[in-house]
Every structure is written in structure tokens, then in C-alpha cells.
Amino acid sequence: MPKLEVRDVRKIFKEDKNETLALDGVNFTVDSEEFVCIVGPSGCGKSTMLRIIAGLEHATSGEVIFEGTPITQPNAKISMVFQLFGLLPWKTAQENVEVPLEVMGVPKKARAESAKDYLNMVHLEGFENTYPHDLSGGMKQRVGIARALALKPEILLMDEPFSSLDELTAKKLRDLVLDIWRKRGEPPTSIIMVSHNVEEAVYMADRVIVMSKRPGRVVGDVKIKIPRPRSKYLREQIYFGFVDEVMEKLNIGDRSTKQSIETSHSS
Ligand code: ADP
């Protein structure tokens, strides 16, 4: 049984009299310990898909099954890293990591210890008492990652976690996440990451799911068969081959959606 199963998910947003079909029959599965990346053009529904998996948004039809049970609300075993970090500015790094633990009812001493451990894991020892405005973008995202990991999730969701960072910082954080993911294993964590950066997706993921232009549908599912660690393959043909394959599927998804819109308008 897959760890997570997205079944025929459709999502219509209704605002006043306007309806937006964001997702149109999305299907995919994620296995235990698998790293899946979702790529697609801006506005195709990637974040919406992630929010539905997180239980923060409801599908209009279809469902997401986690360990055999449909997701209807946020689940402590599924945590999220946000593009713009989502830190509370009036709380220190450590207090930010503690927030979800406190919500889960973890006692004060245990959550302080756990927050410290996870801040160490992302190399932020010594910054426990620093407030977000005194941290760089990369450090803020390290806090965001520590906060998500402190919940010991079985599925870690990441919504464009590196896209607001400069490339050098993004590169370091990609390797940090890969390192942590490879070394931990307790509990075994699957990762679902949204990205609009194909090279990043191919560098990090076991599988890249390609979505079409809005309304989002799955138009490609590419297994990235490059050994890890992948840094040594970055200039190799095998790496560019997979980047090309994903790009090709993105282009096809773009064209087929345009055609179907044009056809439906002309009929
Ligand atoms: P992506 O992450 O791929 O850029 P999103 O999931 O953010 O795409 O958005 C998909 C579509 O749904 C877009 O057209 C967006 O404007 C629309 N949308 C997203 N959230 C809402 C909302 N809360 N209300 C209305 N429309 C929304």
C-alpha cells in the first residue's frame, strides 16, 4: 500500500460569481521514504494540491488517502515547510519551533529539548534566542525546517521552500534537507515538494510529477534514476537527460491544455 494516495482530486474555487477550476482529476501515489517533487507552471494548482494533502483545504471531489484513511483535517504526521517561512516575528527561533509541539500538548521541558535538538540539526545552535528579524532568509528557512521536522512527520510537505533564497543559500539548504532525509529514518519520512525549478526537482527527487497548466492535471511522472549523492552528476549527461525529459513533459502539458481550451471555446 502506498503511504499516500491522491485520487481524482478536483478543486473549484468559488469567489462571488467566479469559479476557478484549479485542479482537474489529479492522481498520484507516494511511497514510504520516497521524495516526490511536483513541478508545473505558475498557477496550475501545485500549492492547492499540497494544502489539500496537509488538510488545510478540501477537495471539491476526489480524496487523499493517508495510510488507508481519507484526510479531512490537518494531521500531526504531515507537516509543512512554507515558501515565506511562516515564522511568528514576536517569538524567538526556539519558541517558533516549539509552537506546533505546544499545540500537540508536548510538556514544556520536552518541547524545549526537542526544539534545541532540531535547531542543532539545521546548524542553528547558538541562535535559539534570536528573533526572526535578526536572521537571514536562509536561517529563517532553517527554523521553518526544524519546526516541521520537530513534529517527527511521516510526510514532509515543502512548498517552494528555496525559491525566495539566493542560489548559494538555496543550494546549501537543498543538501541539508537531503542529508537529514537520508540520515534520519525514524519515523521514515516521505517528502512531497513543490517547485517550479526543474533542475532542483531532478537534483532532489526520486520522482518528478509534472502538472499541466491550469486546470492542473498530471501529464508526466518521471523516475529520476541518478545515484545519490547527485552533486557529482550535475555536469553529466545523465542529469541533463532527466532535466530534458521533465522539460519535454512540461511543454507537452502546456500545449495540450492550450489546445483543449481552444477546442472547447471554438465548439
Ligand atoms: P501554483 O501553486 O501552481 O502557482 P495555486 O495552487 O496557488 O497554483 O493556484 C491555482 C489556481 O487557483 C490559481 O488560478 C489561483 O488564483 C487559484 N486559487 C488559489 N487559491 C485560491 C483561493 N483561496 N481562492 C480563489 N482562487 C484561488
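Residue numbers count from 1 along this sequence. Values reported hereafter were calculated over all heavy atoms of this structure, with side chains retained and with hydrogens, waters and symmetry mates removed. Each ligand, and each atom within it, is numbered from 1 in the order the structure gives.
Between K223 and D206 there is no salt bridge, since none of the side-chain N atoms of the basic residue sits less than 4.0 Å from a carboxylate O of the acidic one. In this structure, E33 does not pair ionically with K3, as no charged nitrogen and carboxylate oxygen lie closer than 4.0 Å. Under 4.0 Å is where a charged nitrogen must lie from a carboxylate oxygen, and between K140 and D134 no such pair does.
No option in I145, I191, V177 other than I145 meets the side-chain contact (heavy atoms from CB on, under 4.5 Å) test with V81.
The heavy atom nearest to atom 4 (O) of ligand 1, considering only A22, G216, G43, P215, is found in G43.
At a cut-off of 3.5 Å, with distance as the only test, no side-chain donor of E5 or T29 sits close to an acceptor on the other residue. A donor-acceptor pair shorter than 3.5 Å can be found between the side chains of D175 and Y203.
In this structure, atom 15 (C) of ligand 1 has its sub-4.0 angstrom surroundings free of protein heavy atoms.
Ranking the protein heavy atoms by distance from atom 27 (C) of ligand 1 puts F13 CD1, 3.3 Å first. Nearest to atom 7 (O) of ligand 1 among the protein's heavy atoms is S47 CB, 3.8 Å. If you check which protein heavy atom lies closest to atom 6 (O) of ligand 1, you get T48 OG1, 2.5 Å.
When heavy-atom distances to ligand 1 are checked against a 4.0 Å cut-off, E15 comes that close only through its side chain, counted from C-beta outward. Using a 4.0 Å cut-off between heavy atoms, R214 contacts ligand 1 through its side chain alone, with no backbone atom that close.
Checked by distance only, ligand 1 and G45 come closer than 3.5 Å through their nitrogen or oxygen atoms. Between C44 and ligand 1, at least one pair of N/O atoms sits closer than 3.5 Å.
Atoms of ligand 1 found under 4.0 Å from any heavy atom of S42 (numbered from 1 in listed order, with element): 4 (O). Less than 4.0 angstrom separates some heavy atom of K46 from each of these atoms of ligand 1: 1 (P), 2 (O), 3 (O), 4 (O), 6 (O), 8 (O).
At least one test fails for K116 against the ring of Y118: distance under 6.0 Å to the centre or angle within 45° of the axis.
Scored by the salt bridge (Lys or Arg N to Asp or Glu O under 4.0 Å) test, R174 finds E167, E200 as partners (sequence neighbours excluded).
The shell of residues lying under 4.0 angstrom from ligand 1, judged by heavy atoms, excludes G40.
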